[in-house]
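Presented below is the structure to which this report refers.
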Amino acid sequence: MTAPTFQPLAEYREYPPDEMARRAAAFLADARRRRTVRDFADRPVPRAVIEDCLRAAGTAPSGANQQPWHFVVVGSPAVKRRIRAAAEAEEAEFYGGRASDEWLAALEPLGTSAHKPFLEIAPYLIVVFAESYGVAPDGHRIKHYYVSESVGIATGMLITALHHAGLVALTHTPSPMGFLNTLLNRPPNERAFLILVVGYPAIEARVPAITRKPLGAIATFVE
Ligand SMILES: Cc1cc2nc3c(=O)[nH]c(=O)nc-3n(C[C@H](O)[C@H](O)[C@H](O)COP(=O)(O)O)c2cc1C
C-alpha cells in the first residue's frame, strides 16, 4: 500500500459568471466547426504541434490514474503504405460481406468505401493503443480498470486539441485492427483502439452534410 500525498489545487481558475458564459459559448462555436475529413493535403505538419496535442491527451482522467494509452505517431511513408495495404485488405472484406446490411446502411450517408488513400497522403497517422493490462518491472501483470472509457476520453481530448490547433482528423477503425500490433511491433498487453489520420484538409475536401442532435435530444436535466 502507498500512502497518498496531497497538494493544493494551485492551477484551478474560477471565472466570473459572464466570463464563464462567454468561454463556454466560444468553445461551443469552435467545437461546432470540427468535422471529420477524409480528403487530406500531403503538406507536412509541425511535429511539435502533434507532440503538444499528445501531451494534452495525456492529461485525460483515467481509471485509477493508470493512463492506459499509448500513441504511435507514424510519419514514415513506408510504414503508412503498409498500414494502408493491410487496412484496405480488411476493409475490402468488411464492405464485401463481413459487415451486416444494417451496418452498411448506417454508413451509406457518409459515402465511405474500402478505398483508403488518406492513410498514405496524410502526414501523420496516430495509432491509439489501449493497454489492456500493465506489466510491472518484474514482469507480473497489473490489472487495469475502465480501459476503454479512459482511452476514449483521451482520444476525444486529442481530437479536440488537434482541431484547436487548426488541423483536421479522421477517426478510422479498420475492422479488425490486429494487424497494427504486428506492423508497429506493439507488445501483447496493448490492443489497437483506432487510427487518427491527421493533417490539413485537401483544398477540394468535401464533407457529408450531416446534422447534430439538439440539446433536448442528448441531455436530460433532473432539477
Ligand atoms: C469510434 C469511431 C469510429 C469511426 N470510424 C470511422 C471509419 O472507420 N471510417 C470513417 O470514414 N469514419 C469513421 N468515423 C467518423 C464518423 O463517421 C464521423 O465522426 C461521423 O460521421 C460524424 O461526423 P463528424 O465527425 O464530421 O461530426 C468514426 C468515428 C468514431 C467516433
Side-chain angles (χ1 to χ4, degrees), residues 27-41 53 57 60 68-72 74 80 83-130 132 146-181 183-184 190-202 204-215 217-219:
F27 187 82
L28 167 62
D30 197 47
R32 279 187 166 144
R33 291 190 307 102
R34 185 207 55 79
R35 288 304 312 272
T36 291
V37 165
R38 298 178 180 84
D39 299 308
F40 286 80
C53 292
W69 41 69
H70 190 83
F71 304 97
V72 179
V74 181
K80 285 193 290 183
I83 291 176
R84 176 184 177 182
E88 286 187 333
E90 294 291 4
E91 294 280 288
E93 287 197 27
F94 175 84
Y95 285 92
R98 203 165 51 211
S100 65
D101 288 347
E102 197 177 358
W103 196 340
L104 292 177
L107 290 174
E108 217 167 81
L110 303 176
T112 54
S113 73
H115 189 50
K116 307 290 178 194
F118 48 74
L119 290 172
E120 266 189 272
I121 295 169
Y124 283 120
L125 308 179
I126 303 179
V127 186
V128 183
F129 285 89
S132 311
Y146 296 112
V147 173
S148 295
E149 292 85 347
S150 304
V151 180
I153 291 169
T155 303
M157 290 178 65
L158 177 55
I159 292 169
T160 306
L162 292 164
H163 168 69
H164 186 70
L167 296 170
V168 293
L170 161 63
T171 308
H172 182 39
T173 41
S175 162
M177 276 186 275
F179 69 87
L180 290 164
N181 275 71
L183 274 181
L184 299 173
E190 292 183 10
R191 70 179 160 84
F193 189 70
L194 49 75
I195 304 176
L196 283 183
V197 185
V198 176
Y200 298 101
E204 71 281 8
R206 290 165 68 81
V207 292
I210 54 165
T211 55
R212 293 182 170 128
K213 294 178 183 176
L215 182 65
I218 63 167

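Just so you know, ligand 1 is whichever comes first in the structure, and atom 1 is the first atom listed for that ligand.
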What residue and heavy atom of the protein are closest to atom 25 (O) of ligand 1, and at what distance? Thr36 OG1, 2.5 Å
Which atoms of ligand 1 have any heavy atom of Arg212 under 4.0 Å away? 27 (O)
State whether Glu120 and Arg84 are salt-bridged, where the test is any N-O pair (Lys NZ or Arg NE/NH1/NH2 against Asp/Glu carboxylate O) under 4.0 Å. yes
Do other residues, nucleotides or ligands put more than 12 heavy atoms under 6.0 Å from Phe71 CZ? yes
Over 60° means perpendicular and under 30° means parallel, so tell me whether Phe118 and His172 are parallel, tilted or perpendicular. perpendicular
Keeping Arg38 on the side-chain end and Gly111 on the backbone end, is there a donor-acceptor pair under 3.5 Å? no
Is the shortest side-chain N to carboxylate O distance from Glu88 to Lys116 below 4.0 Å? no
Stepwise side chain to side chain donor-acceptor pair (under 3.5 Å) check, Arg191 with Ser148: CA-CA 11 Å; Arg191 70 179 160 84; Ser148 295; 3.0 Å; yes
To atom 10 (C) of ligand 1, the nearest of Arg34, Arg38, Arg35 on a heavy-atom basis is Arg38
Under 4.0 Å and counting heavy atoms only, is there anything from the protein next to atom 20 (C) of ligand 1? no
In this structure, atom 8 (O) of ligand 1 is nearest to the protein heavy atom Thr173 N, 2.9 Å
Taking the six-membered ring for Trp and the full ring for Phe, Tyr or His, determine whether the centres of Trp69 and Phe193 are under 6.0 Å apart. no
Atoms in ligand 1 flagged as close to Leu110, the criterion being non-hydrogen separation under 4.0 Å: 17 (O), 21 (O)
Mind checking whether Thr112 has a heavy atom under 4.0 Å from ligand 1? yes
Protein heavy atom at shortest distance from atom 22 (C) of ligand 1: Ile210 CD1, 3.7 Å
Relative to atom 30 (C) of ligand 1, which among Val168, Thr155, Thr171 owns the nearest non-hydrogen atom? Thr171
Can you list the atoms of ligand 1 that are under 4.0 Å from a heavy atom of His172? 7 (C), 8 (O), 9 (N)
I'd like to check His163 versus Arg33 (side-chain heavy atoms, cut-off strictly below 4.5 Å). Are they in contact? yes
May I ask you to list the atoms of ligand 1 that are less than 4.0 angstrom from any heavy atom of Leu170? 10 (C), 11 (O), 12 (N)
Where's the contact between Val207 and ligand 1, heavy-atom distance under 4.0 Å: side chain, backbone, both or neither? neither
